[in-house]
Amino acid sequence: MQPTHRGVPARLARINPTGAFLAALALMLVGLLSPGIIGGGILLVLAAALVALLVLTWPIQPAPTRVLRLAVVTLLLAAALLKIL
């Protein structure tokens, strides 16, 4: 890891899990309920954040968790593309 990336996991560890879940849920609902490209863009931003988190935590996650997270990101991307199209 690069020296600049050492602080990211430490900052993520301090985030309240309930608050992070509720924020992601609210963002997803706003994206799903917003019309067309605006909602799709919001869902794409959420998917990008989840991919960044997935890449950061990939080495420490067990295989079943990896599969589940990939499935969630795939479904979110599919919903975003359907919303945009």
Side-chain angles (χ1 to χ4, degrees):
M1 255 198 250
Q2 295 177 354
T4 57
H5 289 146
R6 283 189 202 145
V8 174
R11 281 186 294 190
L12 287 175
R14 290 191 303 257
I15 293 176
N16 180 2
T18 305
F21 172 76
L22 291 175
L25 180 64
L27 194 59
M28 186 181 73
L29 289 175
V30 168
L32 288 174
L33 297 175
S34 295
I37 196 156
I38 295 170
I42 292 170
L43 292 176
L44 285 176
V45 167
L46 181 59
L50 289 177
V51 167
L53 185 62
L54 181 68
V55 167
L56 185 64
T57 61
W58 188 265
I60 60 170
Q61 295 298 320
T65 305
R66 291 177 184 174
V67 171
L68 182 63
R69 287 184 180 199
L70 284 174
V72 168
V73 170
T74 302
L75 289 173
L76 189 58
L77 286 172
L81 291 177
L82 283 174
K83 196 86 167 142
I84 290 172
L85 297 176

If hydrophobic clusters are built from ILVMFWY residues whose side chains come within less than 4.5 Å, do [X] and [Y] share one?
X     : Y     : value
Val45 : Leu43 : no
Ile60 : Leu68 : no
Ile15 : Val51 : no
Val30 : Leu50 : yes
Ile37 : Leu82 : no

So, for [X] and [Y], which heavy atoms are closest and what is the spacing to 0.1 Å?
X     : Y     : value
Gln61 : Thr65 : OE1-CG2, 3.0 Å
Leu32 : Ala79 : CD2-CB, 4.5 Å
Ile84 : Gly40 : CG1-CA, 3.7 Å
Ser34 : Ile38 : CB-CG2, 4.3 Å

Requested in this report: Please check if atom CG in Leu70 has more than 12 non-hydrogen atoms from other residues, nucleotides or ligands closer than 6.0 Å.
Outcome: yes
Point-to-point distance, once rounded to the nearest 0.5 Å, from [atom1] of [X] to [atom2] of [Y]:
X     : Y     : atom1 : atom2 : result
Leu46 : Leu76 : CG    : CG    : 5.0 Å
Thr74 : Arg69 : OG1   : CZ    : 13.5 Å
Leu29 : Leu22 : CG    : CG    : 10.5 Å

Query raised in the report: Between Lys83 (side chain) and Ile42 (backbone), is there a donor-acceptor pair under 3.5 Å?
Result: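 Flag not set: sc Lys83 to bb Ile42 has no pair under 3.5 Å.
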Report task. With the side chain counted from C-beta on, respond yes when Leu77 and Leu44 share a heavy-atom pair under 4.5 Å apart, and no when they do not. Result -> yes
